Structures are given as C-alpha cells and as structure tokens.
Novice: 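Structure below; questions to follow.
Note that ligands are numbered from 1 as they come in the structure, with each ligand's atoms numbered from 1 the same way. No experiment lies behind these values; they were computed from the predicted model shown.
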Amino acid sequence: LGLGSNLGDRRRHLRDAVENLAAMGAVRVSPAYETEPVGGPPGQELHLNIVVELTTDLTARQLLGVCHRLETAAGRVRAERWGPRSLDVDILLIEGLEVDDPDLQVPHPRMQERRFVMAPLADLAPELVPPDWEDRAQGRVNPAGSL
Ligand code: PH2
Ligand code: MG
Ligand code: MG
C-alpha cells in the first residue's frame, strides 16, 4: 500500500492509518519521505509518504474498502483530482494478483513514475523494484525518518 498526506497533521494521519492496518494483519512500514507534489493543482504543500506491506486474508475488493474507510476516518474530503488530502491510501501491489477494473488497477499503473512511491518501496522491498527505477521516477523526495 502507498500512503500519503499533505493536509493537517500528516504524521498523525499516517500513524493512525498504520495502527488501523495493524489490526487487520501483520504490517511492515517503510521509512517516511517528505515529497514534492507530482501532478495536481499548483501551490500544494509537501506530502509525507510511506509504503506499508500488509499480510492479510482480505480480498482485493475488501482491501479497497478498507483504504477508503481509512481515508474517511482521517476526514478526507474529495474535491479536485490529486488535490490536497489528509490521507490517501492506494493499493500498489498484491502478491500473485493483477486487477484491471475501472476503479481498481493492480499493480498501480503510475507507481513506477513516482519517486514518492518507489523510494520507500525500494527501502521496504528492494526485490520488487526494477534496477533502473531511479531513471524513470519523477518528483524530488527527502528522507523524513521513521514514522
Ligand atoms: N499522490 C497523488 C499525486 N501526487 N505527490 C506526492 N508527492 N505524494 C502523493 O502521495 C501524491 C502526489 C495522487 O494520489
Ligand atoms: Mg494516490
Ligand atoms: Mg488514492
């Protein structure tokens, strides 16, 4: 899962989400990165991004529901696409599964273009990132310690 926040207490939103995910299965959490917004309206605040591995028996659909509930719990209001958000939780990869539905694509179709995803993913699961990912990824990121 890729988690991000650029509104309100970013660290608190991410920590609460990780705590809730940990109640659903074993979690491994990447270091945090402070990241430049990629896409979306201009003038946005920096994001705090992490990647979380969750070991769970949930189906992809059930997991998508969990992601949306965590966003709602963080007070997310959906306005413009890629606008400021208290919490975004995206499914990046599910072991052994591909999904291509209008509302859910796995692997996440844009993850390889995004340094804010690939840098924490490379820390957490280096075996999942291609060796040349840094050449293709956009947006500056800065290490921001552990969550
Ligand atoms: N999420 C997006 C679009 N752009 N940029 C950064 N730095 N971090 C994000 O989490 C992010 C983004 C779409 O969800
Ligand atoms: Mg997203
Ligand atoms: Mg999202």
Side-chain angles (χ1 to χ4, degrees), residues 1-22 24-25 27-54 56 58-95 97-126 128-130 132-147:
L1 304 173
L3 283 71
S5 171
N6 76 335
L7 198 62
D9 188 340
R10 302 173 306 168
R11 225 168 256 275
R12 167 71 23 225
H13 294 313
L14 296 180
R15 281 185 184 148
D16 287 350
V18 168
E19 203 171 291
N20 278 296
L21 288 169
M24 263 165 290
V27 292
R28 292 174 60 235
V29 184
S30 77
Y33 286 82
E34 188 162 62
T35 70
E36 176 177 80
V38 175
Q44 281 195 57
E45 302 295 321
L46 297 174
H47 294 244
L48 203 62
N49 283 105
I50 57 171
V51 165
V52 173
E53 178 191 82
L54 173 66
T56 178
L58 296 177
T59 66
R61 284 274 142 208
Q62 287 170 331
L63 184 57
L64 185 63
V66 167
C67 295
H68 290 158
R69 280 200 294 282
L70 292 177
E71 291 171 352
T72 302
R76 179 160 179 182
V77 178
R78 285 185 179 272
E80 59 208 318
R81 189 177 192 217
W82 294 354
R85 73 285 297 274
S86 50
L87 182 67
D88 183 42
V89 185
D90 293 335
I91 299 176
L92 301 174
L93 296 163
I94 299 177
E95 191 175 353
L97 190 72
E98 288 184 23
V99 182
D100 191 10
D101 292 341
D103 61 332
L104 178 62
Q105 291 103 45
V106 184
H108 191 293
R110 289 171 295 281
M111 60 181 281
Q112 301 232 354
E113 301 156 19
R114 297 170 158 186
R115 192 163 280 114
F116 68 80
V117 172
M118 299 305 281
L121 182 61
D123 294 332
L124 194 69
L128 297 180
V129 306
D132 63 342
W133 71 267
E134 301 217 46
D135 303 338
R136 272 176 287 151
Q138 298 169 25
R140 277 194 296 267
V141 305
N142 275 309
S146 60
L147 195 60

Novice: Verify, without hydrogens or angle tests, whether Ser5 (side chain) and Ser86 (backbone) share a donor-acceptor contact under 3.5 angstrom.
Specialist: yes
Novice: Can you list the protein N, O or S atoms less than 2.8 Å from the Mg ion (ligand 2)?
Specialist: Asp88 OD2, Asp90 OD2
Novice: Applying a heavy-atom distance cut-off of 4.0 Å, which protein residues contact ligand 1?
Specialist: Thr35, Glu36, Pro37, Val38, His47, Asn49, Trp82, Arg85, Asp88, Arg114, Phe116
Novice: Is the shortest side-chain heavy-atom distance between Val18 and Asn20 below 4.5 Å?
Specialist: no
Novice: Are any non-hydrogen side-chain atoms of Leu48 and Arg11 less than 4.5 angstrom apart?
Specialist: yes
Novice: With a 6.0 Å cut-off (strictly less than), is the heavy-atom count around CZ of Arg140, excluding the residue itself, greater than 12?
Specialist: no
Novice: Any side-chain heavy atom of Glu45 sitting closer than 4.5 Å to one from Leu7?
Specialist: no
Novice: Would you confirm whether Asn142, through its side chain, and Glu34, through its main-chain N or O, come within 3.5 Å as a donor-acceptor pair?
Specialist: no
Novice: Looking just at side-chain N and O atoms, do Ser30 and Asp123 make a donor-acceptor pair shorter than 3.5 Å?
Specialist: no
Novice: Closer than 3.5 angstrom, by distance alone: can the side chain of Asp132 be matched with the main-chain N or O of Asp135 as a donor-acceptor pair?
Specialist: no
Novice: Please report the shortest heavy-atom distance between Phe116 and Thr35, naming the atom on each side.
Specialist: CB-CG2, 3.6 Å
